[in-house]
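Being a predicted model, the structure only gives us computed values, none of them experimental.
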Amino acid sequence: MTDLVTLAELGGPLAAIGGAAYARHAHPAAYWSTVGLPLSVARLLASYSSTMDACGLTVEPSRWRALAVRATTRREIRPIPPRRGVIRPNSTGLRVRLRLAPGQEPADIAASAERLRHAWGVHAVYVRDVKPGVVELRLVGYDVLRKVRMPRRVDGGLLRVPVALREDATAFVRDYRAVPHELVLGATLSGKSMYLRHLVTGLAAQPVALVGLDCKRGVELAPFAPRLSALATDPDEAAELLPVLVKEMEDRYDLIKARQGIAPGTPDEEITSDVWGLPDSERPVPIVLFVDEVAELFLVATRKDEERRDEMVTQLIRLAQLGRAAGIYLEVCGQRFGAELGKGATMLRAQLTGRVCHRVNDEASAKMALGDIAPEAVDAACSIAPELPGLAVVGDTSGGSSRIRTPYLSLADAAATCRESAHLVPDVPALTPFRPYVPPVPAEASGTATVPRPVTE
């Protein structure tokens with residue numbers, strides 16, 4: 001009887017522990033809000049000074065402070081940690097600002113991020129420089145990339161698309177004004193197409209002309225045809241479309257020259273202004289060029305194909321070098337991209353500021369994407385598991401890098417978004433001949449049922 005009572009008494013706590021363990025694995029966000037957050041806050045408050053001291057983030061007090069302590073108390077004079085601000089919890093972690101002690105720098109806090117993570121029982125700790133003498137610690141309670149949930153509030157705007165979630169629980173925003181051109185690499189089923197879908201659907205509601213080069217017969221970009229201003233589905237069509245884009249870029253340079261009084265003979269390379277300096281009534285719409293499977297543009301079989309390839313590559317390089325000022329932006333996607341593709345490949349890659357590397361099949365591919373801008377990120381890109389599609393390492397020419405993951409978006413939903421925004425396709429006369437044909441949507445697919453007419457006697 002006594003044993004039965006003991007088992008009954010232990011049943012409640014064991015069930016609670018088991019439920020917490022299940023929630024931590026199956027519903028990490030709910031577990032963090034109910035259990036993880038209170039525990040982490042308690043650890044932080046109770047062990048802040050001792051943890052900072054153990055991490056070497058304390059400094060000796062000033063002479064006046066030491067004299068005041070000796071004069072008012074008999075306590076031992078201890079080193080001073082950075083002054084802590086108010087703890088701000090959220091659904092993924094918590095944030096706290098620290099005022100650095102004299103002689104400290106943000107790199108000192110960042111070097112101890114792994115120690116702080118273990119001391120306070122969180123998934124990760126990230127350090128952000130707020131202003132001189134102040135840093136912000138962003139504590140992430142769980143792996144937010146395992147099940148992506150985008151933040152509710154994201155700063156958008158023209159040519160700004162929230163496309164993925166960073167590992168620090170902030171949104172990764174693709175900003176074409178800040179990073180004009182980007183290279184996206186990834187093996188089959190790595191999530192590269194999902195990344196592209198989010199970009200297209202994010203730009204579909206904006207006054208932007210979308211142009212596609214999809215030499216795989218259009219299987220990737222054809223579903224978005226209602227919103228595309230132009231689409232080329234094979235190398236022959238691409239060879240016709242690219243010169244039109246180059247001519248459009250040159251016409252926009254002429255428009256800038258005429259508006260700002262620049263001499264007509266001035267080379268395009270010497271024009272430092274751009275279309276954003278023009279009045280709204282005269283500014284042409286931005287153009288975003290999506291190149292899916294860029295290697296198809298480089299592959300040749302005959303000498304005639306080689307001449308066509310050289311022309312197309314030259315035009316792509318011109319667009320990458322000069323297109324930003326004319327409001328033309330490039331999104332180049334592929335599985336591999338390097339010197340082995342042919343002449344002009346590395347020159348084109350050098351003009352692509354942003355880099356996104358999904359799971360790749362070999363280390364050389366990761367080095368192609370990140371090796372020249374963020375060498376330390378190559379190992380992170382090579383360690384992406386196949387069971388995590390959409391996970392990628394993003395970097396730019398500033399040398400920084402971080403892991404991101406794109407949320408799932410079905411092709412049907414992306415295509416529906418493009419159909420709903422088909423009326424927003426801007427009028428670019430030069431691209432009208434390349435506008436893809438969009439067959440009418442059947443009544444069943446559009447959701448409108450056909451009601452038969454009544455039979456009359």
Side-chain angles (χ1 to χ4, degrees), residues 176 180-184 196 199-200 203-204 207-255 268 275 284-302 304-334 337 341-345 347-349 351-352 418 422 424-438:
Y176 286 92
H181 314 304
E182 187 175 66
L183 174 65
V184 182
L196 189 62
L199 286 178
V200 173
L203 293 171
V208 178
L210 306 181
V211 179
L213 295 183
D214 184 3
C215 294
K216 294 190 301 183
R217 296 296 178 181
V219 295
E220 292 289 346
L221 297 179
F224 315 133
R227 184 57 182 82
L228 298 181
S229 298
L231 176 63
T233 59
D234 57 53
D236 292 332
E237 294 180 359
E240 298 176 2
L241 176 57
L242 284 174
V244 174
L245 289 174
V246 173
K247 181 63 170 57
E248 176 70 17
M249 178 185 69
E250 294 173 347
D251 292 343
R252 295 186 176 195
Y253 273 114
D254 293 339
L255 180 63
D268 294 341
V275 295
V285 296
I287 299 176
V288 179
L289 172 62
F290 295 98
V291 182
D292 187 75
E293 205 54 64
V294 65
E296 290 294 325
L297 297 179
F298 284 83
L299 297 179
V300 295
T302 63
K304 181 179 179 181
D305 293 339
E306 185 175 353
E307 295 176 356
R308 182 189 61 189
R309 188 273 311 273
D310 293 342
E311 292 179 1
M312 289 192 297
V313 172
T314 300
Q315 290 156 355
L316 273 177
I317 294 174
R318 291 198 64 193
L319 290 173
Q321 288 179 337
L322 307 175
R324 182 207 61 82
I328 300 177
Y329 307 96
L330 271 63
E331 198 75 30
V332 180
C333 306
F337 196 80
L341 289 180
K343 182 173 63 176
M347 184 180 298
L348 175 60
R349 185 182 63 174
Q351 302 296 329
L352 306 177
C418 292
L424 297 177
V425 176
D427 181 21
V428 182
L431 300 178
T432 301
F434 301 93
R435 180 85 182 270
Y437 169 72
V438 181

Report the distance from atom [atom1] of [X] to atom [atom2] of [Y], rounding to the nearest 0.5 Å.
X      : Y      : atom1 : atom2 : value
Phe434 : Glu237 : CZ    : CD    : 8.5 Å
Leu330 : Tyr176 : CG    : OH    : 9.5 Å
Leu199 : Glu331 : CG    : CD    : 5.0 Å
Arg324 : Leu322 : CZ    : CG    : 10.0 Å

What residues, two or more places apart in sequence or in another chain, satisfy side chain to side chain donor-acceptor pair (under 3.5 Å) together with [X]?
X      : result
Asp234 : none
Lys343 : none
Gln315 : none
Glu182 : Arg174, Tyr195

Side-chain heavy-atom pair [X], [Y] within 4.5 angstrom cut-off:
X      : Y      : answer
Leu348 : Leu183 : no
Val208 : Tyr329 : no
Val332 : His181 : no
Leu196 : Val184 : no

Grab the two heavy atoms, one from [X] and one from [Y], that are nearest each other, plus how far apart they are.
X      : Y      : value
Cys418 : Pro226 : O-CB, 3.9 Å
Ala320 : Gln351 : CB-CB, 3.6 Å
Pro284 : Leu255 : CD-CD2, 4.0 Å
Met312 : Pro235 : SD-O, 3.7 Å
Ala232 : Ala238 : CB-N, 3.6 Å

Counting heavy atoms not belonging to Lys247, are there more than 12 under 6.0 Å from its NZ?
no
Under the side chain to side chain contact (heavy atoms under 4.5 Å, CB included) rule, collect the residues that match up with Leu424, sequence neighbours excluded.
Arg227, Ser421
Side chain to side chain contact (heavy atoms under 4.5 Å, CB included) partners for Ser229, two or more places apart:
Ala209, Val425, Pro426, Leu431
Sorted by chain and residue number, the salt bridge (charged side-chain N to carboxylate O under 4.0 Å, His left out) partners of Arg308 (sequence neighbours excluded) come out as Asp236, Asp305
Taking only residues two or more places apart in sequence, or in another chain, which ones meet Arg252 in a salt bridge (charged side-chain N to carboxylate O under 4.0 Å, His left out)?
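Arg252 satisfies salt bridge (charged side-chain N to carboxylate O under 4.0 Å, His left out) with Glu248 once adjacent residues are dropped.
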Indicate every side-chain donor-acceptor pair of residues 285-299 with a distance under 3.5 Å to a residue at least two apart or in another chain.
none

Taking the side chain from Asp214 and the backbone from Leu231, do they hold a donor-acceptor pair closer than 3.5 Å?
no
Mind jotting down which residue pairs meet the side chain to side chain donor-acceptor pair (under 3.5 Å) criterion with at least one end in residues 427-436? Sequence neighbours excluded, please.
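Of all non-adjacent pairs touching residues 427-436, none passes side chain to side chain donor-acceptor pair (under 3.5 Å).
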With side chain to side chain contact (heavy atoms under 4.5 Å, CB included) as the criterion, how do Leu319 and Leu242 come out once you've worked through the C-alpha distance, each side chain's angles and the decisive distance to 0.1 Å?
CA-CA 9 Å; Leu319 290 173; Leu242 284 174; 4.1 Å; yes
